[in-house]
Amino acid sequence: MDIRAITPDYAVSPQIEPADLPAIKAAGYVTVIDNRPDGEIPPHLHTAEMRRAAEALGLVFLANPVIGGALTMDNVKAQAAAIAASPGPVFAYCASGNRSSIVWALANAGKRPVDELVGLPARFGYQLDHLRPQIEALEKG
């Protein structure tokens, strides 16, 4: 497992396994967001299985499946709501961490400078520069 802390309160990662959840909890994360649709992954990693394992450890678990190339404003709003409702640091995962970075950046439009929203994920190889126009449009409302 590769925890990539975008900020102290939000990290992303490629796909995790149920066995990774204790380390995620030990690292201080309290909410886990699954940004991966079940159709992309084997049954033992489906939302229901991951939810069961996370909740057994006392973690909050939310599913916000983002279909590659088909991100919606509902995805952005759901990610923003989950982050806002979390009582502590949030850990989000997808196939590579890219989609989890994108929904974080869009969810934070207007709350952080555009350069941060693009630059912080870039430290981990997530190139979000192409999102600048969308982030700026969301900033303006």
Side-chain angles (χ1 to χ4, degrees), residues 1-139 141:
M1 175 188 49
D2 184 10
I3 296 175
R4 300 165 184 179
I6 303 293
T7 69
D9 293 326
Y10 187 85
V12 301
S13 170
Q15 179 67 53
I16 60 169
E17 302 262 342
D20 295 323
L21 290 164
I24 291 165
K25 182 176 181 172
Y29 297 95
V30 300
T31 298
V32 175
I33 303 174
D34 175 2
N35 289 133
R36 207 142 183 224
D38 281 349
E40 294 182 2
I41 50 180
H44 76 283
L45 300 176
H46 281 187
T47 298
E49 297 301 318
M50 296 302 291
R51 179 186 312 280
R52 202 171 1 266
E55 290 177 350
L57 293 170
L59 294 164
V60 175
F61 184 91
L62 296 144
N64 181 23
V66 175
I67 297 170
L71 172 74
T72 67
M73 279 310 297
D74 286 341
N75 290 130
V76 174
K77 290 174 185 172
Q79 200 86 358
I83 293 166
S86 181
V90 174
F91 178 92
Y93 69 92
C94 58
S96 68
N98 192 57
R99 283 177 274 184
S100 297
S101 295
I102 290 170
V103 288
W104 169 82
L106 294 172
N108 280 284
K111 298 175 189 161
R112 291 177 170 267
V114 176
D115 286 342
E116 272 188 29
L117 297 175
V118 171
L120 292 172
R123 296 175 305 155
F124 301 99
Y126 303 120
Q127 300 304 315
L128 307 186
D129 214 44
H130 67 285
L131 294 175
R132 280 182 185 276
Q134 289 171 283
I135 294 168
E136 290 166 355
L138 288 171
E139 262 183 337

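To the nearest 0.5 Å, the span separating CG on Asp38 from CE on Met50 amounts to 10.5 Å. One finds the CD atom of Glu139 at 13.0 Å from the CD atom of Gln134 (value rounded to the nearest 0.5 Å). In this structure, CG on Leu71 lies 6.0 Å from CG on Leu106, to the nearest 0.5 angstrom. One distance of note links CG of Asn75 with CG of Asn35; it measures 7.5 Å at 0.5 Å rounding.
Using a distance-only test at 3.5 Å, with no hydrogens or angles considered, no donor-acceptor pair links the side chain of Arg36 to the main chain of His46. Looking at Asn108, its side chain never comes within 3.5 Å of a backbone N or O of Ala105 through a donor-acceptor pair. Using modelled atom types, no side-chain atom of Ser86 and backbone atom of Ala82 make a donor-acceptor pair closer than 3.5 Å. A distance-only check finds a donor-acceptor pair linking the side chain of Arg99 to the backbone of Val66 [under 3.5 Å].
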Any chance you could lay out the side-chain contact (heavy atoms from CB on, under 4.5 Å) test for Val60 and Val30, step after step, and finish with the verdict? CA-CA 6 Å; Val60 175; Val30 300; 5.8 Å; no
Between Val76 and Asp74, is the side-chain contact (heavy atoms from CB on, under 4.5 Å) condition met? List the steps. CA-CA 5 Å; Val76 174; Asp74 286 341; over 6 Å; no
Run the side-chain contact (heavy atoms from CB on, under 4.5 Å) check on Leu131 and Val118 step by step: do they pass? CA-CA 8 Å; Leu131 294 175; Val118 171; 5.6 Å; no
Yes or no on side-chain contact (heavy atoms from CB on, under 4.5 Å) for Phe61 and Thr47, after CA distance, side-chain angles and deciding distance? CA-CA 9 Å; Phe61 184 91; Thr47 298; 3.8 Å; yes
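At a threshold of 4.5 Å between non-hydrogen side-chain atoms, the residues Tyr126 and Arg4 count as touching. Taking 4.5 Å as the limit, some side-chain heavy atom of Leu128 sits within range of a side-chain heavy atom of Ile102. Between Ile33 and Ser100, the closest side-chain pair of non-hydrogen atoms is not below 4.5 Å. Between Leu138 and Ile135, every side-chain heavy-atom pair lies at or beyond the 4.5 Å cut-off. Considering only heavy atoms from C-beta on, His44 comes within 4.5 Å of Glu17 through its side chain. Counting only heavy atoms from C-beta outward, the side chains of Pro65 and Glu40 never approach each other to under 4.5 Å. Looking at Val12 and Trp104, their side chains never come closer than 4.5 Å, going by heavy atoms from C-beta outward. Arg112 has its side chain within reach of Leu120: a pair of non-hydrogen atoms, C-beta onward, lies under 4.5 Å apart.
In this structure, His130 has no side-chain contact (heavy atoms from CB on, under 4.5 Å) partners at least two apart in sequence or on a different chain. With sequence neighbours excluded, the residues satisfying side-chain contact (heavy atoms from CB on, under 4.5 Å) with Pro113 are Glu116.
The shortest heavy-atom contact between Val103 and Gln79 is CG2-CD, 3.3 Å. Between Leu21 and Ala54 the shortest heavy-atom distance is CD1-N, 3.5 Å.
With Val32 as the partner, the side chain to side chain contact (heavy atoms under 4.5 Å, CB included) test is satisfied by one option alone out of Leu59, Leu62, Leu57: Leu59.
In this structure, Arg132 pairs ionically with Asp115, as a charged nitrogen and a carboxylate oxygen lie closer than 4.0 Å.
Neither side chain, Asp2 nor Ser13, offers a donor N or O lying under 3.5 Å from an acceptor on the other.
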Indicate every side-chain donor-acceptor pair of residues 87-96 with a distance under 3.5 Å to a residue at least two apart or in another chain.
unit_1: Tyr93; atom_1: OH; unit_2: Asp34; atom_2: OD2; d: 3.3
unit_1: Ser96; atom_1: OG; unit_2: Asn98; atom_2: N; d: 3.2

